[in-house]
Amino acid sequence: MKLIITKDYEDLSNTVADIIQDKIEQDAKLKLVLPTGSTPIGLYAELVKRYKNNEIDFKEVTSFNLDEYVGLDRNNENSYYYFMHDSLFNHINIKPENTYLPNGMAEDIAAELLSYEKKMEAVGGIDLLIDGLGENGHIGFNEPNNELQLRANVTPLTTSTIEANSRFFENKEEVPTEALTLGMGNIMEAKEIIIIVNGEHKAEAVQKLINSSVVTTQNPSTLLHLHPNVTVVVDEAAAKLL
Ligand code: F6R
């Protein structure tokens, strides 16, 4: 596991944008998995800026998302569909048909999850998966548990995740209690993984990930130690306890 400590949030966002730009230059048909949340906002803004400056071309890029809330319509501002379009897809030249998110409103959730995985398979798998890190060590919405799911699944969100995500909603009662997420197996199948983390509130989660000498399902991020190509990119605040 490689660790990159950047100065601050801007430096972190630029560093990861550099990596993505470089990868797209090497392979115009790059297959990405992207996250939502607060952490990637600076990265997405930087990618949009570079697209507008003709520095990156997303024409042939394909993107999947890690997760989506169950029960939120695509037009709901808190849906991950809305977030991805609002912060990235609407502002770059990625083809709409090359952007995939699981549908949290699907009537048949099991069929939806299966077809989502099939689409990932059909494009030949994922080159680069980017994710943030939950304060409790979750990866995607693979929450600490006695067992972790390997495949895409529907999962109840933990109280701490609902609490953390409530900052985006008017009140806690509005936060969905379930999400669709890629499983740990899907995540570990990506050829390369980059975990981005900023802020002092994540320092303990970073320390538990980087310094862990075991893998445990009670901290899903520790499983990343079993992957051959993982880079954790943090800012100085998140690296405080290292
Ligand atoms: C989101 C996701 C989550 C977040 C994590 C950190 O697609 O997969 O694992 O990356 O909850 O969220 P933020 O960035 O909001 O602190």
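In listed order, ligands and their atoms are each counted from 1.
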>> If I take atom OG from residue Ser166 and atom CG from residue Asn171, how far apart are they, to the nearest 0.5 angstrom?
In response: 9.0 Å
> At what distance is the nearest protein heavy atom to atom 3 (C) of ligand 1, and which residue and atom is it?
Replying inline: Gly140 O, 3.6 Å
> Regarding Tyr51 and Asp57, is there a side-chain donor-to-acceptor distance under 3.5 Å anywhere?
Replying inline: no
>> Below a 4.0 angstrom heavy-atom separation, can you tell me which part of Glu143, side chain or backbone, both or neither, approaches ligand 1?
In response: neither
>> Under 4.0 Å from a heavy atom of Thr39: which atoms of ligand 1 are those, numbered in the order shown and with their elements?
In response: 13 (P), 14 (O), 16 (O)
> With distance as the sole criterion, is a donor-acceptor pair present between the side chains of His138 and Ser221 under 3.5 Å?
Replying inline: no
> Considering only heavy atoms, does Leu66 approach ligand 1 within less than 4.0 Å through its side chain, its backbone, both, or neither?
Replying inline: side chain
>> Within the structure provided, determine whether Asp131 and Ile196 are in side-chain contact (heavy-atom separation under 4.5 Å).
In response: no
> Going from CG on Leu34 to CZ on Phe83, what distance comes out if it is rounded to the nearest 0.5 angstrom?
Replying inline: 10.0 Å
> So, do Lys202 and Thr39 sit near enough that their side-chain heavy atoms are less than 4.5 Å apart?
Replying inline: yes
> If Ile, Leu, Val, Met, Phe, Trp and Tyr residues are connected whenever their side-chain heavy atoms lie under 4.5 Å apart, and connections chain through other members, are Tyr9 and Val48 in the same group?
Replying inline: yes
>> Taking 4.0 angstrom as the limit and counting only heavy atoms of Gly37, give me the atoms of ligand 1 inside it, by number and element.
In response: 14 (O), 15 (O)
> Among protein heavy atoms, which sits nearest to atom 6 (C) of ligand 1, and what does the distance come to when rounded to 0.1 Å?
Replying inline: Leu133 O, 3.6 Å
> Is the closest heavy atom of Glu68 to ligand 1 under 4.0 Å?
Replying inline: no
>> Out of all atoms in ligand 1, which are within 4.0 Å of some heavy atom of Lys202? Include the element for each.
In response: 6 (C), 13 (P), 16 (O)
>> If the cut-off is 4.0 Å to any non-hydrogen atom of Gly132, which atoms of ligand 1 fall inside it?
In response: 10 (O)
> Nearest protein heavy-atom contact for atom 1 (C) of ligand 1: which residue, which atom, what distance?
Replying inline: Thr36 OG1, 3.4 Å
>> I need the nearest protein heavy-atom contact for atom 5 (C) of ligand 1: residue, atom name and distance, please.
In response: His138 NE2, 3.4 Å
>> One residue to check: Thr161. Relative to ligand 1, which of side chain, backbone, both or neither has a non-hydrogen atom less than 4.0 Å away?
In response: neither
> Side chains of Gln149 and Thr155: is there a donor and an acceptor less than 3.5 Å apart?
Replying inline: no
>> Within the 4.0 Å heavy-atom shell around Ser38, which atoms of ligand 1 are there?
In response: 13 (P), 14 (O), 15 (O)
>> Taking 4.0 angstrom as the limit and counting only heavy atoms of Pro35, give me the atoms of ligand 1 inside it, by number and element.
In response: 7 (O)
> Distance from Ile20 atom CD1 to Ile56 atom CD1, nearest 0.5 Å?
Replying inline: 7.0 Å
> Taking non-hydrogen atoms only, is Asp67 closer than 4.0 angstrom to ligand 1 via side chain, backbone, both or neither?
Replying inline: side chain
>> For Tyr100 and Phe64, take the angle between the two ring planes, folded into 0 to 90°, and tell me which bin it lands in: parallel under 30, tilted 30 to 60, perpendicular over 60.
In response: parallel
>> Counting non-hydrogen protein atoms only, what is the nearest one to atom 4 (C) of ligand 1? Give residue, atom name and distance.
In response: Asp131 OD1, 4.0 Å
